[in-house]
Number of protein chains: 2
Amino acid sequence: MTYDTALAALADPTRRAVFERLRGGARSVADLARGMPVSRPAVSQHLKALKEAGLVRDEPRGAARIYRIHAEGLIELRAWLDTFWDDALTRFKAHAEGPDDDHA
Amino acid sequence: MTYDTALAALADPTRRAVFERLRGGARSVADLARGMPVSRPAVSQHLKALKEAGLVRDEPRGAARIYRIHAEGLIELRAWLDTFWDDALTRFKAHAEGPDDDHA
DNA sequence: GCTTACCGTTAGTAATGACTTACGATACTG
DNA sequence: CAGTATCGTAAGTCATTACTAACGGTAAGC
């Protein structure tokens with residue numbers, strides 16, 4: 001999976017809430033949907049998007065499917081964010097050593 | 001700014017491309033828009049969204065406005081991502097020390 | 001085998017967001 | 001002061017997305 005699919009998957013507030021609900025451990029769709037302001041099929045659709053983004057994994061357990069967070073799916077996103085820190089740090093060092101040249 | 005606004009701001013492919021174009025240094029709207037598949041006002045709108053998310057800053061330079069990346073705007077998003085790593089690490093440790101209990 | 005529980009998908013609807021064109025405002029130059 | 005360059009915004013259009021209701025499939029229990 002790539003960071004752009006992870007970003008897009010996490011951008012939706014409801015989908016992100018579904019994702020965050022999984023922090024407490026693996027849960028079923030019905031379990032997740034309880035207490036949420038949207039219907040169970042909507043939660044199922046969001047879980048599908050999170051799965052396609054590589055952020056969650058599921059496994060069958062009887063008629064239910066148990067979903068859990070797949071933290072590895074966030075690796076690329078985190079690495080991408082870090083490149084901006086590296087940029088800022090490089091720029092800071094260059095500034096400390098001499099005049100800043102904005103355009104490479 | 002909060003991580004949810006940063007996520008939403010970066011989720012759009014075109015807006016993210018605008019953001020990434022700024023890695024090379026501060027640039028004007030017209031400069032950024034050159035070579036992009038959308039119009040200059042569209043780039044301006046995206047820059048507005050990035051600014052509201054705290055991801056870029058601008059300054060006037062004559063009739064032009066110069067935009068540059070504000071990496072500090074990514075702090076909260078990075079911290080939020082790290083909490084998932086912390087969760088995974090905690091869970092791994094607990095697993096190594098004894099039976100895994102999925103539900104807290 | 002019927003009932004219950006669970007869930008993914010489809011089709012339809014409504015809301016949202018991305019983009020464009022046009023326009024007016026600001027800054028700079030001659 | 002007129003012309004040029006730059007840019008943000010408004011209004012309109014269109015595509016995309018989130019959500020619902022309904023349905024059919026699977027698994028388990030009796």
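Throughout, a chain's letter reflects where its sequence line sits, starting with A, and its residues are numbered from 1. All values derive from a computational prediction rather than experimental measurement.
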Chain B reaches DNA chain D, atoms under 4.0 Å from its heavy atoms, from D:dA5 to D:dA10
Self-check item: Salt bridge flag under 4.0 Å for residues B:Glu59 and B:Arg61
Solution: yes
Whole-Å distance, A:His46 NE2 to C:dT9 P, equals 15 Å
Looking only at C:dT9, C:dG8, C:dA18, the nucleotide nearest the A:Gln45 side chain is C:dT9
Between CE of B:Met36 and P of C:dT20 the distance, given in whole Å, is 11 Å
When rounded to whole Å, the CG to C1' distance for the pair A:Asp31 and C:dC7 reads 14 Å
Side chain to side chain donor-acceptor pair (under 3.5 Å) between A:Trp80 and B:Glu20: does it pass, once the steps are laid out? CA-CA 11 Å; A:Trp80 180 75; B:Glu20 285 178 324; 2.8 Å; yes
Using a strict cut-off of less than 4.0 Å between a Lys/Arg side-chain nitrogen and an Asp/Glu carboxylate oxygen, indicate whether B:Arg16 and B:Asp12 qualify as a salt bridge.
-> no
Next item on the list: Compare side-chain N and O positions of B:Ser39 against OP1 and OP2 of C:dC19 and report whether any pair is under 4.0 Å apart.
Entry: no
In whole angstroms, the gap separating C1' of C:dC6 from CG of A:Asp58 amounts to 13 Å
ask   = Given C:dA18, is OP1 or OP2 found less than 4.0 Å from the side-chain N or O atoms of B:Thr14?
value = no
A:Glu52 CD to C:dG8 C1', in whole Å, measures 12 Å
From CG of A:Leu47 across to P of C:dT9 the rounded distance in Å is 12 Å
Between A:Leu32 and the options A:His46, A:Arg40, A:Arg21, the side-chain contact (heavy atoms from CB on, under 4.5 Å) test singles out A:Arg21
What is the nucleic acid contact for B:Ala42, judged by heavy atoms within less than 4.0 Å: base, sugar-phosphate only, or nothing?
-> base
note: A:Arg27, atom CZ; C:dA5, atom C1'; distance rounded to Å ~ 17 Å
TODO: May I ask you to say what B:Arg40 touches in the nucleic acid, namely base, sugar-phosphate or nothing, with a heavy-atom cut-off under 4.0 Å?
DONE: base
### Message
Between A:Arg23 and B:Thr83 (side chain of the first, backbone of the second, donor and acceptor by atom type, cut-off under 3.5 Å), is there such a pair?
### Response
yes
#### Entry: Whether B:Arg15 side chain and B:Ala8 backbone form a donor-acceptor pair below 3.5 Å
yes
The residue, A:Val38 or B:Ser28, whose nearest nucleotide of DNA chain D is more 5′ is B:Ser28
By nearest-heavy-atom nucleotide on DNA chain C, the more 5' of B:Asp12 and A:Ser44 is A:Ser44
Q. What nucleic acid atoms does A:Pro60 come within less than 4.0 Å of, heavy atoms only: base, sugar-phosphate, or nothing?
A. nothing
Parallel, tilted or perpendicular: ring planes of A:Phe84 versus B:Phe19, cut at 30 and 60 degrees
tilted
